[in-house]
Amino acid sequence: MRIHLEYFAQLRELAGQKLQIVETTHETVGPLYDELRETYGFPFSPERLRVAINGDFAPWTQPLREGDLVVFIPPVTGG
Amino acid sequence: MRIHLEYFAQLRELAGQKLQIVETTHETVGPLYDELRETYGFPFSPERLRVAINGDFAPWTQPLREGDLVVFIPPVTGG
Amino acid sequence: MASEPVSIETLRAALHLAQAGGFCSFEGWVRNTNEGRPVDGLDYEAYDALATKEGERILDEAMARYDISHAVAMHRTGSLNVGDVAVWIGVSAPHRDAAFRACRYIIDEIKHRVPVWKNERYLDGDTQWVACHHTHRPHEHEHDHGSCNHNH
Amino acid sequence: MASEPVSIETLRAALHLAQAGGFCSFEGWVRNTNEGRPVDGLDYEAYDALATKEGERILDEAMARYDISHAVAMHRTGSLNVGDVAVWIGVSAPHRDAAFRACRYIIDEIKHRVPVWKNERYLDGDTQWVACHHTHRPHEHEHDHGSCNHNH
């Protein structure tokens, strides 16, 4: 299935792109992140990230569906 | 000796004056307040007041001196 | 102590230091009710000289107790209407925790120590010197100045 | 979320209700140093849609947890210089205790939950995504969102 990715901050810089569409067979975001981390050298272990699917926070175990927008959220540093 | 008094808030209204000069033989402010309280019907027992002498807080036991400016300070309600 | 309104921008300006990363302010506004009675406004009377001196002592204490950059306080005197700013406290600090704590310390101490008195004007035309603050002090700097016994 | 400066007067206006007797605000300012390095300014990047949603959730939580009249929060995105207001929180309440507590709750939650990231520009020309807030949370609403492990 096709998954849309949007990157922010350090992940955006390391991925070298803001938006990406990937074709994947992973059923959840966990293994998808592991694969992307391997590809781009993201420094964050999954425990340090939150994930948002279709504009809201979601558990790592949420089943992926065709067309989902996935955002990996590095430790936030606002304020 | 002559003591200058300045009144604020409810004490000013009950005394009917802002400034007053009294001739007294009291050695400290405690008995002076008791006398004024009797005269004007001030509602506050001395435990509820603080006293300032010559522009700063002072203990009730501080000896009075000729020309002192004495202010009895009702419970404050600023803020 | 200010007998006329003071611009908040003016008060803030002195706090805006380059090493300050957090700024906490508190404002006391004249409310439209007190203990259920509709309030039209209020008049503050102060023992100006001693109020200024005691206010400066409180600011000095805050600077000594907390890791802050600067602190400013302003208290109005005279006639105020509902919504007017009666008191303004501003604290800047490298970090927010100190800014919050110092700001709270200053307003709490002002309310208990600074010789200012509030005469409330009610909508029914009556006026009354407020007898006592109905506040308790559940804070780390709790101590009793003995100036206020709750009698109602 | 605001990509341009917002006037504080505008933000305050919504809070100025007749039943509110206390107003507490917090501002985060860009500091001139971080961990000893001289800072020139910083760029905030945000996941705007989710940041707005999470910010509204935090304000709703504050309204539910504390006896307050209203709460407003603003966070900047884009390029800021030393002294600029990065975040603004304002809370009005009938009494000051709730105003202080709610204001503190909101800024603490924003810093831990809202998807905003800070890229610091140093005076030596270097830039760096700030790795993690170095804050502990010694407050009544302490809980760990697990989003930030202190790794240095």
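Pairing each heavy atom of B:P75 with each of C:A131, the nearest pair is CB-O, 4.0 Å. Residue C:W129 comes nearest to B:R12 through the heavy atom pair CZ2-NH2, 3.7 Å, listed as atom of the first residue, atom of the second, then distance. Nearest approach of C:R113 to B:R50, heavy atoms of both residues: O-NH1, 4.2 Å. Shown here for B:E13 and C:N119, the closest heavy-atom pair between the two residues is OE2-ND2, 4.3 Å.
Comparing C:F26, C:W88, C:Y44, C:Y47 by how many heavy-atom pairs each has under 4.5 Å with chain B, the most go to C:Y47. For chain B, the option among C:G28, C:A51, C:A86, C:P115 with the highest count of heavy-atom pairs below 4.5 Å is C:P115. When the candidates C:I107, C:V87, C:L50 are compared by the number of heavy-atom contacts under 4.5 Å with chain B, C:L50 comes out ahead.
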Just distance, no hydrogens or angles: give the donor-acceptor pairs under 3.5 Å from side chains in residues 55-63 of chain B, sequence neighbours left out.
residue : atom : partner : partner atom : Å
B:D56   : OD1  : C:R57   : NH2          : 2.9
B:D56   : OD2  : C:R57   : NH1          : 3.3

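Other residues, nucleotides and ligands contribute more than 12 heavy atoms inside 6.0 Å of the CD atom of B:E66.
Between the side chain of C:W117 and the backbone N or O of B:P74 there is at least one donor-acceptor pair closer than 3.5 Å. Remark: the backbone N or O of B:G79 is paired with a side-chain donor or acceptor of C:H75 at under 3.5 angstrom.
Considering CD of C:E45 and OG1 of B:T77, their distance stands at 10.0 Å, rounded to 0.5 Å.
Within the 4.5 Å cutoff, the side chain of B:V76 has no heavy atoms near those of the C:I110 side chain.
For a residue to count as touching a neighbouring chain, one of its non-hydrogen atoms must lie under 4.5 Å from one of that chain's; by this rule C:E27 does not touch chain B.
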